[in-house]
Amino acid sequence: MLKILLEKELRDIIYSTKFAITFAAAAVLVLLSFYVGIRNYQESIHEYESAKTTNAANIAAQTDWHQIQDRVFRKPQPLEILVNGVTNDVGRTTDMRSSGELNLINSRFSVDPLFAVFRFLDLNFVFVIVFSLFAILFGYDAINGEKEAGTLKLVFSNGVARASFILSKLLGSVLALGVPLLVPLLIGCLMLLGFGIPMSGFEWVRLGLVIVAGLLCFGVFLTLSIMVSAMVSRSSVSFLLALVVWIFSVLIIPKGSVLLASQIASVPSIDAVEIQKRKFTADQGQKWLQASQQWFSSRMSSSASVNDSGFVNAMAAFQDSLQKAREDARAEFYSRLDEDWRNKKDWQERWAFGISRVSPTAVFQIAAMNLAGTDVGMKFRYMQQLSRYRDAFAETIRKKTGSSADYFRIVIKRFSGGQNDQEEKQKSLNPSELPEYVEQPRSLGDVMTASMFDMGLLVVLNALFIGGAFYAFLRFDLR
Amino acid sequence: MDQPNILEAQKLTKVYEDGLCALDHVSFSVKAGEIFCLLGDNGAGKTTAINLFLGFLNPTEGTPFINGIDVTKDPLAAKQHVAYLSDVVMLYPNFTARQNLDFFARLGGRHNLKRDDYYNALRQVGLQEKAFEQRLKGFSKGMRQKVGLAIAIVKEAPAIILDEPTSGLDPKAANEFLAILHQLRAQGRAILISTHDIFRAKEISDTVGIMSEGKLLAVKTKAELEHENLEKLYLDYIQGKVAA
Ligand SMILES: Nc1ncnc2c1ncn2[C@@H]1O[C@H](COP(=O)(O)OP(=O)(O)O)[C@@H](O)[C@H]1O
Ligand SMILES: [Mg+2]
């Protein structure tokens, strides 16, 4: 009996014009999202490579390790193109320095505002907006539509159990709609291969999980709307209800959760933090000046010559220790401020995400961004990697420049009209002597832990609505 | 008649949740080879009675039997012995006439029918050949009704229940429809029809049950009706001039 009902369900959906049109639209959007993503990736990889080349050329044109101007660029990752997340808001360029705060600049959106306007067409958008609508369009009248057509009574004038019928509806809809959607998704994956997008096995696993999460989200809307169609007897009413749920889920809850979270957990503005930092740095500068003056005046009285090597060494040692103390204090103060701000922000984000999880599409988005690595933690993780790199960078520079004493000797010689050192100084720098910045991928364990909860939540929601649909249909008025 | 009762209503009573008594201790039976017509105005309770036979409703009191099986006790078994044509016959618009027929035939337990069997059934109900493999989307109500009847026929159930089958049909289609009913009766089916159309009722039925406001006021056989004016009788009954 189930087989007959299931077969009918599959045919009924696949033969319909509604299916032909909406499926074609969904498929085109899926393929388009892959294509647009691939083009974007190629473009940003190209930009990335040429920025690196320019940077290397710049370094090669420089002659002094002391004044080196090096930049680090964030390498585009393939998964970012499918699930943009915050990718385009996070700066891609950093001026690398041995000391001082590192800043991310040149985010995609800041450089390319047009891109910000059309930000939507990634796979994530297709799952959140298109697939969920697609599900609603087929689910909303699954049960009450048959009642209106009189076929429900006709079916149940035979020895058909209600459970078989609702099971065939759920199973049939999932198969008839879900399996066709897999086709453009798989073609999209083939496109990634065809265009030679470099993806590690780990990234394929993550992409696979994004697709699984997307289909689970689709399942939530499908089972939800089938449940609604088994709860109200008129399809026009259930359509409205499903649409309201969709609007809340896609538009209202995510935005509302952010608003609500900012009410519940307030975070000082980033400007306030900046001002504190600037004030601290200015104070430090002042103190440095005073200390240097003191040092000089105490030394000058002992009437030593500036050309005296003992004096230069002493000054360099003093400057080195001062500089180190200054950088340590700055780093400590900044990181304390940053951490405090980060903690408050974390807390607020936790609220926002917690509230937004009322919406199945938000749950999917959180899971997908965590899987793709484009979640709100992306910037923080990148900054951590940068500062780790900075240690290696600073070490190299220290080795290259020797102690500050050498530097002072050069400066002093120049001021006192020394001539013959020039040739030696003209030697250009070799950029490959700098350590290369290589992004460390997150571990599978990290990614899984971050996305597990939301994946599980999607499974639970599916189960909940399947159960709800059963419950509602067992007491549905067949007449 | 010495035929067995195929459909039987025993003191069927239905009080809806809102307190309305739509059916009040109604008893009747339909034998094999008999056409029984429930005649009554809109709201008389005809559809309610039919819904009780199909297990779509639970009776407040009384019992419906199909082929001797108590519908309230074992609805799935009981419904294997009845074919049904509802007042709204939309069927599946994306399926062709034959595909609709095929689906319902298999639901009704006829698993081994061939394309020709379906064509024969569709021919029997008078659907044009060219419509056999067309989707139901473009079908008129009359054409859909024919497919519906073909569905009822191929199930080959001993009982057939038809709710207002001729309403909305043009006279020619209605006549063809009735001719088919007579064939089915000749095959020994027990047929229960509901209608508000006095003339059709008189024309086709072996027995007419006059219903009003949930009560079965009178049951008249064809022989009894030979000598009476059904229209006058009906009006008299529902206006309460004749004691039931
Ligand atoms: N679900 C229901 N709830 C309450 N009253 C109903 C319901 N269905 C039908 N009725 C009422 O029961 C009476 C009989 O209805 P019905 O059996 O459909 O009559 P008929 O088929 O003879 O026109 C009508 O008064 C109708 O309004
Ligand atoms: Mg009726």
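Chain identifiers are assigned alphabetically (A, B, ...) following the order of the sequence lines, protein sequences preceding nucleic acid strands; residue numbering begins at 1 within each chain. If you're wondering where the values come from, they're calculated on a predicted model, not measured in any experiment.
Considering only heavy-atom pairs separated by less than 4.5 Å from chain A, the leading option among H81(B), H111(B), R135(B) is R135(B). The candidate from A149(A), A161(A), G159(A) with the greatest count of non-hydrogen atom pairs under 4.5 Å with chain B is A149(A).
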Pair D87(B), K153(A) - check side-chain contact (heavy atoms from CB on, under 4.5 Å), show working. CA-CA 10 Å; D87(B) 41 351; K153(A) 277 164 85 171; 3.8 Å; yes
Before giving the answer on side-chain contact (heavy atoms from CB on, under 4.5 Å), spell out for K137(B) and T17(A) the whole-Å C-alpha distance, their side-chain angles and the decisive distance to 0.1 Å. CA-CA 11 Å; K137(B) 264 181 193 150; T17(A) 331; 3.0 Å; yes
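Few gaps surround OH on Y16(B); more than 12 heavy atoms of other groups in view lie less than 6.0 Å from it. Counting non-hydrogen atoms of neighbouring residues, nucleotides and ligands closer than 6.0 angstrom, the CD atom of E176(B) exceeds 12 such neighbours. R234(A) CZ: 12 or fewer foreign heavy atoms inside a 6.0 Å radius. Around the CZ atom of F132(B), the shell of radius 6.0 Å holds more than 12 heavy atoms that belong to other residues, nucleotides or ligands. Within a 6.0 Å sphere centred on NZ of K215(B), other residues, nucleotides and ligands contribute 12 heavy atoms or fewer.
Within residues 2-11 of chain A, the residues having any heavy atom under 4.5 Å from a heavy atom of chain B are, by residue number, I4(A), L5(A), E7(A), K8(A), R11(A).
Of all heavy-atom pairs between N158(A) and G108(B), the closest is OD1-CA, 3.3 Å. Contact detail for L107(B) and V155(A): the closest heavy-atom pair is CD1-CG1, 3.7 Å. Pairing each heavy atom of G150(A) with each of S86(B), the nearest pair is O-OG, 4.1 Å. Of all the heavy atoms in L478(A) and F56(B), the pair that sits closest is CD1-CD2, 3.9 Å.
Heavy-atom distances place the side chain of L57(B), and not its backbone, under 4.5 Å from chain A.
Side-chain atoms of F156(A) and L54(B), non-hydrogen and from C-beta on, never get closer than 4.5 Å to each other.
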